[in-house]
Amino acid sequence: MKSAFLGLGGMGHGMAANLHAADLLAAVYNRTASRADAFAGEYPTTVVTEPAQAAEHAEVLVLCVSADADVLEMVDALAGSLTAAHTVIDCSTVASDTAREAAERVAKTGAAFVDAPVSGGTEGAKNGTLSIMVGADEAVFERIKPVLEAMGSGVTHMGPVGAGQATKAVNQVMVAGINQAVCEGMRFAAALDLPLEKVVDVVGSGAAGNWFVNHRGKTMVRDVFEPGFKLKHHHKDLGICLHMAELNDGALPLSEKTREEYDRLMADGHGDEDISALYRARADLFDK
């Protein structure tokens, strides 16, 4: 089984590299062609200049793009070259209804569609340790599982198309809450004049331990916010969560509050920083 990867951004570069390492990568595409050329210089593979050309080189087409509209645009660009032998795997983070719409468009060609959003940041993409939440027909999932397992250490079939994105939405809501708690807690620790790196070690090994405090706690207290996961992308994802909540006649107050705070941080020029930059917004919690 050969795959092609379309979208070599911060996440896609590492994911495609792991497909190459598993001898599963046949071609790459990126809207900014120079990025695809640079990737192929490091990991020899075919560079295609149009998405549809990727289907000539591989039966599994993996997408990792920025937004809902990008996914649908990419699916439409692929449609003319898809056959029943192809499977499109979308690893972007989009709304469940977008995933189902993409699946309907792909189904008209005879091909299969899988929504498989990922979690684990750029570190997980690089190291092949992503958590991958999958929405797909069971038989399709089993067929393309080797491709997913080359990119992640936790691959879980959550149900039909759309279930992967629904699970990712839950993940992003929880990320917002954890980010809020860790940033507030570490500002509290600073106000108490505690040794902050030791605080991270202690709480990170106890009941309050989580991936975020263990991977971002020590950098945020040094005012280092290199992404991992860009704040502007989480802002976009929380918009998806709020959209999905509205479709289900509900509300997500913590997500809404976090998104509003991201709005202000983005207005101040911090959108390309890691989401731990929320720590900046907690500077006024204590006078000292």
Side-chain angles (χ1 to χ4, degrees), residues 1-28 43 45 54 58-65 71 74-75 85-96 98-100 102-103 106-107 111-175 178 210-212 214-215 228-229 233-234 237 240-241 244:
M1 181 185 302
K2 289 296 183 181
S3 66
F5 204 98
L6 297 86
L8 298 169
M11 296 293 291
H13 186 281
M15 295 163 71
N18 282 311
L19 288 174
H20 183 273
D23 197 29
L24 293 172
L25 186 69
V28 293
Y43 305 99
T45 191
E59 57 267 46
V60 178
L61 307 164
V62 186
L63 315 181
C64 191
V65 294
V71 170
M74 192 68 73
V75 164
H86 291 103
T87 301
V88 177
I89 303 175
D90 179 33
C91 293
S92 317
T93 297
V94 298
S96 290
T98 299
R100 289 188 287 269
V106 168
F113 181 85
V114 175
D115 63 299
V118 303
S119 181
T122 53
E123 300 101 322
K126 179 180 178 180
N127 297 328
T129 56
L130 293 169
S131 174
I132 307 180
M133 313 146 225
V134 186
D137 175 83
E138 181 74 41
V140 174
F141 171 71
E142 290 299 330
R143 186 169 72 245
I144 54 87
K145 197 174 179 181
V147 173
L148 297 175
E149 288 179 334
M151 300 184 290
S153 57
V155 178
T156 307
H157 184 225
M158 300 304 300
V161 169
Q165 296 296 352
T167 308
K168 180 62 183 288
V170 172
N171 183 85
Q172 300 308 73
V173 169
M174 291 186 177
V175 167
I178 292 166
N210 58 77
W211 187 97
F212 189 73
N214 289 331
H215 288 79
F229 181 24
H233 291 161
H234 196 209
D237 293 352
I240 291 169
C241 297
M244 292 172 64

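In this structure, the side chain of Gln165 engages the main chain of Ser92 through a donor-acceptor pair within 3.5 Å. Lys168 places a side-chain N or O within 3.5 Å of a backbone atom of Val118 that can act as its donor or acceptor partner. Under a 3.5 Å cut-off, the side chain of Ser3 and the backbone N or O of Leu24 do form a donor-acceptor pair. Under a 3.5 Å cut-off, the side chain of Thr45 and the backbone N or O of Ala26 do form a donor-acceptor pair. Asn171 contributes no side-chain N or O that, together with a main-chain N or O of Thr167, makes up a donor-acceptor pair within less than 3.5 Å.
You'll find the side chain of Phe212 stays beyond 4.5 Å of the side chain of Met174, heavy atoms only.
The CG atom of Leu148 sits 8.5 Å away from the CE atom of Met15 when rounded to the nearest 0.5 Å. A distance of 8.5 Å separates OG1 in Thr129 from CG in Asn18, rounded to the nearest 0.5 Å. Distance check: Met1 CE to Ile144 CD1 gives 7.5 Å after rounding to the nearest 0.5 Å. Note that CZ of Phe229 and CD of Gln172 are 4.5 Å apart. Values are rounded to the nearest 0.5 Å. To the nearest 0.5 Å, atoms CD1 (Ile178) and CG (Asn210) are separated by 5.0 Å. From Leu130, atom CG reaches atom CD of Glu123 across 10.0 Å, with rounding to the nearest 0.5 Å.
Residues Ala4 and Ala54 share a closest heavy-atom pair of CB-CB, 3.8 Å. Minimum heavy-atom separation, Val106 to Ala112: CG1-O, 3.6 Å. In terms of heavy atoms, Ala22 sits closest to Ala150 at CB-CB, 3.9 Å. Considering every non-hydrogen atom in both Ala16 and Leu8, the closest pair reads CB-CD2, 3.7 Å. The two residues Phe113 and Ala99 have their closest heavy-atom pair at CE2-O, 3.5 Å. For the residue pair Arg100 and Gly162, the shortest heavy atom distance occurs at NH1-CA, 4.1 Å.
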Which is it for Ile132 and Met151 under the side-chain contact (heavy atoms from CB on, under 4.5 Å) test, yes or no, and what are the steps along the way? CA-CA 9 Å; Ile132 307 180; Met151 300 184 290; 4.3 Å; yes
Residue pair Glu142, His157: steps toward the side-chain contact (heavy atoms from CB on, under 4.5 Å) verdict: CA-CA 9 Å; Glu142 290 299 330; His157 184 225; over 6 Å; no
If you apply the rule side-chain contact (heavy atoms from CB on, under 4.5 Å), what do you find for Val65 with Leu6, and how did you get there? CA-CA 8 Å; Val65 294; Leu6 297 86; 5.9 Å; no
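Of the residues Val62, Val114, Val134, the one that meets the side-chain contact (heavy atoms from CB on, under 4.5 Å) test with Cys91 is Val62. With Phe5 as reference, Leu25 is the one residue of Leu63, Val60, Leu25 to meet the side-chain contact (heavy atoms from CB on, under 4.5 Å) rule.
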